[in-house]
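Below: the structure, in structure tokens.
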Protein chains: 4
Amino acid sequence: MREEKQEKIITAALQLFEQQGYHATKVSDIVREAGVAQGTFYLYFKSKEDLFRGIVESCLQEIIETMEKGVPELCGETEIYRMIEGTLRVFAHNKTIFRIIYKHGIASSELRDITAEFYRRMMVIVKSELVRLRSYPEYNDEELEIVAYSKIGMVEAAAYQWFVVKNSGPEVVEKIARVLVNMRLGCPQEGEAAE
Amino acid sequence: MREEKQEKIITAALQLFEQQGYHATKVSDIVREAGVAQGTFYLYFKSKEDLFRGIVESCLQEIIETMEKGVPELCGETEIYRMIEGTLRVFAHNKTIFRIIYKHGIASSELRDITAEFYRRMMVIVKSELVRLRSYPEYNDEELEIVAYSKIGMVEAAAYQWFVVKNSGPEVVEKIARVLVNMRLGCPQEGEAAE
Amino acid sequence: MREEKQEKIITAALQLFEQQGYHATKVSDIVREAGVAQGTFYLYFKSKEDLFRGIVESCLQEIIETMEKGVPELCGETEIYRMIEGTLRVFAHNKTIFRIIYKHGIASSELRDITAEFYRRMMVIVKSELVRLRSYPEYNDEELEIVAYSKIGMVEAAAYQWFVVKNSGPEVVEKIARVLVNMRLGCPQEGEAAE
Amino acid sequence: MREEKQEKIITAALQLFEQQGYHATKVSDIVREAGVAQGTFYLYFKSKEDLFRGIVESCLQEIIETMEKGVPELCGETEIYRMIEGTLRVFAHNKTIFRIIYKHGIASSELRDITAEFYRRMMVIVKSELVRLRSYPEYNDEELEIVAYSKIGMVEAAAYQWFVVKNSGPEVVEKIARVLVNMRLGCPQEGEAAE
DNA sequence: AATGAATGAGCGTTCATTCAT
DNA sequence: TATGAATGAACGCTCATTCAT
């Protein structure tokens, strides 16, 4: 019973932020949707921005935790596949929060620090994977970061197009994952394209 | 002399949108910065949103045109390098507009359609390159789109981290480009990493 | 206690609309006069026009109801006198709203429909009286309407001149009523004027 | 050629004031419609209100002159008919200006003095007719004024309903005039209704 | 804890008027 | 005389936040 109202406010806010974005969502909309009084909002949240940041932060925290748990002990092509597929599934499963963030701006004053921290932690996860798998033994730390951020961007871009823009469901995850795993750069290497 | 004031307004707006974002930038800020009267703003722009969309649209249009001109006749590893480097340079050179967009949200109601169109056109450019180079002869259109969007995301993510978050200058372009060109997926394939 | 503020706003608005007219009366004037905050206005009224129409509509509604109750069972010269006198008293008693309406324009976009309805209902009241008294048994409906509207205009014009333009008080009601009752058209018919 | 532009502005203004009313008509609308530049307006008129008052004043002046010329030498029932018919025709012919006035408010701050003067002069015309015809030999001046204003209101009300609200044309003039001439007050006089 | 009426600073926009050319 | 770009004061309205109950 305790915090029941807080939960209702968060649920309502998530829904409205996703539909209309942060700026277009009024506190009065949220409380109406949540079925509580205007003043009640400020019993649980310092401000509208406080609620917003709280929501985004905890959602991204949860995602990071999922990612951290999900990567252990992968090696070889199949494992790469599982990692990419897993990441895509996380995106697909967390459409709401990603929609909210893409709608509001990852570099917005309200989210900049939160998203920076999120991407940094994602990068760390990927980087340690790269290190563990010795994919780029000759690279220094900064070069590994470049690789890590780029790989994240690769998956993220596909996820954005299919889950946010085209609004596809998890059924496309496998198809995308398969393509991403087989991706190479530039021109056909000898024999490949000709095959 | 004609359109001098319009230019001043756009310059001021670019600067303020970049610094403070769209919502925090008041029309009164823009005109003060531009040194014109409040009413003058509405002589040249239907509304604040009209100016914003106009700015974003024309900047992205320009970028697209640069990209379209810049890709011709590439083939082989070196050419791939040039393409990636060129793209990174475009990002580095257009920091302001990318900052504005990332700050405001690529899926925001004000920009959604514009950014969707931009990414689509970027994807088309990359896709036709893939087709021309026969990189993925066995892929159908949707699979090529996945590859194209992912490659864009790859470059974009690195550009975002270095040019927007870390605020680096064009001097890092070569370093990043070199890493991106040599990127492979997952574990070292037999012989590759050792080579 | 509830609706106390709404009442204060309406009172202030009535006063200001009468003095300055709708367009010259600013919402800020009204709230200052009412002693409430700017935002409070919009707690009770959708817009300035909403308040204006609401005020005019309810005042005219009240007048119509007074008129409908006031006409029963009249017959003969004396009764006609009472009817005219009653109508004049209604005008004298409702100076404020009539001033507001004449000031704003009975055919103004904001009031057109309201005044049209008001005059139509006044006409219906008078017409049914004409029917009941069999004053014009040979007339069809449209002809009765002409008579009704004209009779209203007759009283209204006198009321406008004395109560609005000259700002006289109810003390002139009897004098005007007596003249209106004895009014005839055109030249003196034989015997009439001499009588 | 001189004053050609002034004429064009007035024509445009008349049209727009009738359609949209004074407040909704912008100076920019008028000059666009008139095909002149914004600044030209102020070459011919001190202000928007100056133009408005000028238009109303000259139209009403013209009407007064028509009325003054039109009433001479009437006597008897038929003459009364001609007078009422003439007045109705004047209303029907001057729909535009009456629409403008009714739309803007005869007691509005912009028109109050002009309409007061107009009605006073109309009243004087009617009153002198009453005196000439000895219709109310026993009445003093104020009583004659009451009669005059009421008679004007009688005709005006019918004119308003048919020419402004219902937007009928001059073809209804005769019908209305006939009814107005035969109007009496109150109950049927002996024999009349029973006939 | 919960309410919801009240607040008021602040914003985007309008438009009659001016003035340099 | 004619232009039309430029002005800036002013207004209606919003909405996050507060506070008396």
Side-chain angles (χ1 to χ4, degrees), chain A residues 1-6 22-32 35-52, chain B residues 1-6 9 23-32 34-51, chain C residues 1-6 9 23-32 34-51, chain D residues 1-6 22-32 35-52:
Chain A
M1 207 126 261
R2 181 55 8 98
E3 261 121 55
E4 196 190 313
K5 279 168 197 279
Q6 183 171 25
Y22 173 75
H23 283 110
T25 300
K26 304 172 214 157
V27 174
S28 61
D29 292 338
I30 298 173
V31 296
R32 194 186 315 113
V36 302
Q38 191 93 350
T40 306
F41 182 93
Y42 292 88
L43 246 40
Y44 296 104
F45 306 98
K46 217 172 82 260
S47 65
K48 183 180 148 187
E49 188 178 334
D50 180 56
L51 162 68
F52 185 57
Chain B
M1 201 129 274
R2 185 64 5 99
E3 258 121 57
E4 195 189 316
K5 278 170 198 274
Q6 182 171 25
I9 291 171
H23 283 109
T25 301
K26 313 304 167 190
V27 175
S28 58
D29 295 337
I30 298 173
V31 296
R32 194 185 315 114
V36 301
Q38 193 87 356
T40 307
F41 182 94
Y42 293 91
L43 233 45
Y44 297 104
F45 306 99
K46 224 173 71 263
S47 65
K48 184 180 141 185
E49 187 177 333
D50 180 57
L51 163 67
Chain C
M1 203 133 271
R2 187 60 9 99
E3 258 121 56
E4 196 189 314
K5 278 169 198 273
Q6 182 171 25
I9 291 171
H23 284 109
T25 301
K26 312 306 168 188
V27 174
S28 59
D29 295 338
I30 297 173
V31 295
R32 193 184 317 112
V36 301
Q38 192 89 356
T40 307
F41 183 94
Y42 294 91
L43 234 46
Y44 296 105
F45 306 99
K46 224 172 71 265
S47 65
K48 185 180 140 185
E49 187 177 333
D50 179 57
L51 163 67
Chain D
M1 208 128 263
R2 182 55 11 96
E3 259 122 57
E4 197 188 313
K5 279 169 197 278
Q6 183 171 24
Y22 173 75
H23 282 111
T25 301
K26 304 171 214 160
V27 175
S28 61
D29 292 338
I30 298 173
V31 295
R32 193 186 317 113
V36 301
Q38 192 93 350
T40 307
F41 183 94
Y42 292 89
L43 246 40
Y44 296 104
F45 305 99
K46 218 173 79 260
S47 66
K48 183 179 147 188
E49 188 178 333
D50 179 57
L51 163 67
F52 185 57

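Order of the sequence lines sets the chain letters (A, B, ...), proteins ahead of strands, with each chain counted from 1.
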* Asked: In Å, rounded to the nearest 0.5 Å, how long is the span from CD1 of C:Ile30 to CZ of C:Phe41?
  -> 5.0 Å
* **Paired and unpaired positions of DNA chain E as dot-bracket, Watson-Crick or G-U wobble under 3.5 Å, | denoting a partner strand** => .||||||||||||||||||||
* **Nearest listed nucleotide, side chain of D:Ala37, among F:dA2, F:dT3, E:dA5** => F:dT3
* Structure fact -> Taken to the nearest 0.5 Å, the spacing of C:Gln6 CD from C:Leu51 CG works out to 9.0 Å
* Please identify each residue that fulfils ring-ring contact (aromatic ring centres under 6.0 Å, His included) with C:Tyr42, with sequence neighbours left out. => none
* Asked: With nearest nucleotides of DNA chain E determined for A:Val36 and C:Gly35 from heavy-atom distances, which residue corresponds to the more 5′ nucleotide?
  -> A:Val36
* Rounded distance in Å - CZ (A:Phe52) to C1' (F:dA16) -> 16 Å
* **Closest non-hydrogen atom pair between A:Thr25 and A:Lys48, with its separation** => O-NZ, 2.8 Å
* Are any of the side-chain heavy atoms of A:Thr40 and A:Val31 separated by less than 4.5 Å? -> no
* To do: Not counting sequence neighbours, which residues clear side chain to side chain contact (heavy atoms under 4.5 Å, CB included) with B:Glu49? List them please.
  => B:Tyr22, B:Ser47, B:Arg53, B:Glu110
Mind listing the N/O atom pairs, protein and nucleotides 14-17 of chain E, below 3.5 Å?
unit_1 : atom_1 : unit_2  : atom_2 : d
E:dC15 : OP2    : D:Lys26 : NZ     : 3.1
E:dA16 : OP1    : D:Lys48 : NZ     : 3.2
E:dA16 : OP2    : D:Val27 : N      : 2.8
E:dT17 : OP2    : D:Tyr42 : OH     : 3.0
E:dT17 : OP2    : D:Lys48 : N      : 3.0
E:dT17 : O4     : D:Gln38 : NE2    : 3.1

* Structure fact -> For D:Asp50, the salt bridge (charged side-chain N to carboxylate O under 4.0 Å, His left out) test, sequence neighbours excluded, returns none
* To do: Could you check how far CZ of B:Arg32 sits from C1' of F:dG8, rounded to whole Å?
  => 14 Å
* Report yes if a side-chain nitrogen or oxygen of A:Tyr44 is closer than 4.0 Å to either non-bridging phosphate oxygen (OP1 or OP2) of E:dA1; otherwise report no. => no
* **Shortest side-chain distance from A:Leu43, nucleotide among F:dT7, E:dA2, E:dA6** => E:dA2
* To do: For the pair B:Lys26 and B:Asp29, find out whether any cationic side-chain nitrogen is under 4.0 Å from an anionic carboxylate oxygen.
  => no
* Nearest-Å distance for atom pair NZ/P, residues B:Lys5 and F:dG4 -> 18 Å
